[in-house]
Asker: 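Have a look at the structure that comes next, please.
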Amino acid sequence: MSKSESGDTGTAPSNFIRTIIEKDIAADKHQGRVLTRFPPEPNGYLHIGHAKSICLNFGVAADYNGLCNLRFDDTNPEKESVEYMDAIKADVEWLGFKWAEQRHASDYFQQLYDYAVQLVQAGKAYVDSSSAEEMREMRGSLTEPGVESPYRNRSPEENLRLLEGMKNGDFEEGEHVLRAKIDMASGNINMRDPTLYRIRKTHHFRTGDAWNIYPMYDYTHCLSDSIEGITHSLCTLEFEDHRPLYDWVLDTLQTPCHPQQIEFARLSLEYTVLSKRKLIQLVEQQFVSGWDDPRMPTITGLRRRGYTPAAIRDFCDRIGITKNDAWIEMAVLETCVRDDLNATSERRLAVLDPIKLVVTDMAESETLNLDFSNHPQRPELGTRQMLFSREIYIDRDDFSENPPPKYQRLIPGGEVRLRGCYVIKCEKVIKDDQGKVIELHCSHDPATLGKKPEGRKVKGVIHWVSAEHSVEAEVRLYEPLFTQPNPAASENFEEVINPDSLQVLVNSRVEASLANSEPEARYQFERTGYFVVDRVDSKPGRPVFNRTVTLRDTWSK
RNA sequence: UGGGCCGUCGCCAAGCGGUUAAGGCACCGGGUUUUGAUCCCGGCAUUCGGAGGUUCGAAUCCUCCCGGCCCAGCCA
């Protein structure tokens, strides 16, 4: 059945991987079973590119009545840690996915070693005592074949003895490696006797000091997939050249299950970077405050920014799965959050950059209790009350002495609607010594509460809060971290980093109902965007809001 | 001129020999609206990187050409 016209069914659109899986199911391959895996190395934080892979692997499993494992590819103990592992698990769960089983490549170290012994005994692998540099020289180049190592024809007995010695810690790091005996003249460099094991006398966060040798990715991944009974091993395009080796290992060892590796294009998103190296650089060189900085494309950063799991999943569905080197525009991601937040967020009034406004024809003590709908399209979300009083704040952007054409906010002598309240008219502008506007004096039309003004049209509506009945808040506004769509193309961050990616407003005023907002509560501040209560810095009585995304703006900036 | 892969609207992307070449984003109108939001309605590829060929019929098959991406870790 085609998935292409599935709108809100939650099913992703058709793609070439789903086509393959549907054919496999129809042909009863793997008894019609579908088992995928998401296989991160626990050496860093997950980002939006990983989300693409997560949504694919878990999504495909769910849609074909299958399962998905979470497998940590922990074969390089020098870079890996339990902290990274825990962070990855938290992110996958937050995204809304449940793995069938948590596995680790390190669970299979003994089996992997036993398989290696089999390869040695079959004459398909050998211990090479060349140095790393020698091996590199003998590997040849992209256009020239390699040459065979002088150690290539050691006897299986000698290889076995040396491999055991490597395992037992009899040799130092770098003295030997175990290599597959394939073809030093292959056009595919991965097939020129790839390294299977290297000596590393490093403590592993799970296996401790039990092992002195650690298996390489190419050897480990296919066997881990096979051991788990994975049916479809989905990975990114740069592993296409590794597939012959994946298949060689499984065929040579005649394993019972031979999963199919299928490659798809990794995500590229405009105005950000997604390579681990670049992300680390942003953190270490302190261009951002950490992995969870709201400007980061990490899952934890997006979370702190106010993105929802549903929005990220929707994004992954919208961008599709192909083998094209696609660049996705930020607008797609932003549309996904707006869609979700528009439907789910309660509305509030907040003045980001306040100017005081005095309604001079109102008594000092007079207040007005007004009912506001929490959502214009969802009455079931209820209402809240807000006090209107003589002194209020409006946003600096909503007043102009020299308005551009079609400006429909407050101007000297002009009228504007206060959201949910009266139409007011600007009678007087008060400035400080520098000519900066510090206060506006206005009159109000008492007949305009809940009614259109008589005999004239007032187009503009602006938001406001009562001076006395609002609370102070910190508001953080964001722009892209980079000034270029493809910042990774530049060698030097300084050239492409956006110096204005963060703007902190410490004197914002928000309506009283927001004083003690829960961390991660999300709201639409009418006319200014969607905001989330910062889950790190917000305190009761002194809330901190991060702007997730602005409202769509057909006016202009 | 070593091996592998990719090219359908500004950005994604369906399409799998016979369709008026889906859909989303973006953009451009118009309507509703006390958020310049939302919502609604309309517009937006005679053409599928190019040239040949096969076929009654080609984005889909073949050939060549052009453009782009990946690979020489004892990383994953």
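Letters A, B, ... are given to chains in the order of the sequence lines, protein chains preceding strands, and every chain is numbered from 1. These numbers come from a predicted model, not from an experiment.
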Asker: On the 0 to 90° scale, with breaks at 30° and 60°, tag the A:Phe239-A:His242 ring pair as parallel, tilted or perpendicular.
Answerer: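 Rings of A:Phe239 and A:His242: perpendicular, over 60°.
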Asker: Check for a donor-acceptor pair, side chain of A:His221 on one end and backbone N or O of A:Asp218 on the other, with a separation under 3.5 Å.
Answerer: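 No, the answer is negative, given that no donor and acceptor are paired below the 3.5 Å cut-off.
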Asker: If we require ring centres under 5.5 Å and near-parallel planes under 30°, does A:Tyr217 stack on B:A76?
Answerer: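 By the stated criterion, A:Tyr217 and B:A76 do not stack.
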Asker: Which value, in whole Å, describes the distance between the C1' atoms of nucleotides B:G52 and B:G68?
Answerer: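 Rounded to whole Å, the distance is 23 Å.
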Asker: Quick check: does any side chain N or O of A:Lys181 sit under 3.5 Å from a backbone N or O of A:Arg152, one acting as donor and the other as acceptor?
Answerer: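 A pair under 3.5 Å: yes.
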Asker: Are A:Glu454 and A:Arg456 close enough for a salt bridge, meaning some N to O gap below 4.0 Å?
Answerer: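 Here A:Glu454 does not pair with A:Arg456 in a salt bridge, since their nearest N and O are not under 4.0 Å apart.
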Asker: Say we look at B:C11 and B:U54: how far apart would their C1' atoms be, to the nearest angstrom?
Answerer: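 That atom pair is separated by 35 Å.
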Asker: Is B:U63 paired to anything, Watson-Crick or G-U wobble with both distances less than 3.5 Å, and if yes, which nucleotide?
Answerer: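 Paired with B:A51.
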Asker: If the C1' atom of B:G43 is compared with that of B:U1, how far apart are they to the nearest Å?
Answerer: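 The same atom, C1', in both gives a distance of 50 Å.
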Asker: Identify each atom pair where a protein N or O and an N or O of nucleotides 15-19 of chain B are less than 3.5 Å apart, giving names and distance.
Answerer:
residue, atom, partner, partner atom, Å
B:G15, OP1, A:Ser14, OG, 2.8

Asker: Extract from the structure each pairing of a protein N or O with an N or O of nucleotides 65-71 of chain B at less than 3.5 Å, listing the distance.
Answerer:
residue, atom, partner, partner atom, Å
B:C69, O4', A:Asp325, OD2, 3.4

Asker: Which residue, A:Gly420 or A:Val177, contacts RNA chain B at a nucleotide closer to its 5' end, judged by nearest heavy atom?
Answerer: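 Going by which nucleotide is closer to the 5' end, it is A:Gly420.
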Asker: Under 4.0 Å, counting only non-hydrogen atoms across every strand here, what does A:Arg200 touch: a base, just sugar-phosphate, or nothing?
Answerer: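 Result for A:Arg200 = base.
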Asker: Check the pair A:Arg409, A:Asp397 against salt bridge (charged side-chain N to carboxylate O under 4.0 Å, His left out), reporting the backbone distance first and the verdict last.
Answerer: CA-CA 9 Å; A:Arg409 309 173 200 177; A:Asp397 280 353; 5.1 Å; no
Asker: Taking all non-hydrogen atoms of both residues, which atom of A:Leu387 and which atom of A:Ser466 are closest, and how far apart?
Answerer: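 Between these two residues, the closest heavy atoms are O-CB, 3.2 Å.
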Asker: Please classify the nucleic acid contact of A:Gly450 as base, sugar-phosphate, or nothing, using heavy-atom distances under 4.0 Å.
Answerer: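 Base, at least one base atom sits under 4.0 Å.
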Asker: Does this structure show an ion pair linking A:Arg384 with A:Glu511, if we count only N-O contacts that are shorter than 4.0 Å?
Answerer: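 Answer for the salt bridge query: yes.
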Asker: Looking at A:Asp193 and A:Arg139, does any basic side-chain N land under 4.0 Å from a carboxylate oxygen?
Answerer: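 Looking at A:Asp193 and A:Arg139, the cut-off is not met.
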Asker: Check whether any side-chain N or O of A:Thr143 sits under 4.0 Å from OP1 or OP2 of B:G2, and answer yes or no.
Answerer: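 No, outside the criterion.
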Asker: Over all strands shown, is A:Ser129 touching base, sugar-phosphate only, or nothing at heavy-atom distances under 4.0 angstrom?
Answerer: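 It contacts nothing in the nucleic acid.
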Asker: Show the numbers, then the answer: is there a side-chain hydrogen bond (donor to acceptor under 3.5 Å, both in side chains) between A:Asn486 and A:Gln484?
Answerer: CA-CA 5 Å; A:Asn486 180 9; A:Gln484 300 294 319; over 6 Å; no
Asker: Which value, in whole Å, describes the distance between the P atoms of nucleotides B:A22 and B:G4?
Answerer: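 Straight-line distance between the two P atoms is 36 Å.
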Asker: Taking only side-chain nitrogens and oxygens of A:Arg136, does any of them come within less than 4.0 Å of OP1 or OP2 of B:C74?
Answerer: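 A:Arg136 to B:C74 OP1/OP2: no side-chain N or O under 4.0 Å.
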Asker: With sugar-phosphate meaning primed atoms plus P, OP1 and OP2, does A:Glu173 contact a base, only sugar-phosphate, or nothing at under 4.0 Å between heavy atoms?
Answerer: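 It contacts nothing in the nucleic acid.
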Asker: Ignoring hydrogens and angles, does a donor from either the side chain of A:Arg338 or the base of B:U38 sit under 3.5 Å from an acceptor on the other?
Answerer: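 Looking at the base of B:U38, it does not pair with any donor or acceptor on the side chain of A:Arg338 (distance under 3.5 Å).
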Asker: Quick check: on RNA chain B, is the nucleotide nearest A:Glu41 upstream (toward 5') of the one nearest A:Glu270, or the reverse? Name the residue that is more 5'.
Answerer: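 Mapping each residue to its closest nucleotide by heavy atoms, the 5'-most match is A:Glu270.
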Asker: Does A:Arg417 make a side-chain donor-acceptor contact with the base of B:U34, cut-off 3.5 Å?
Answerer: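 Answer yes: a donor N or O sits under 3.5 Å from an acceptor.
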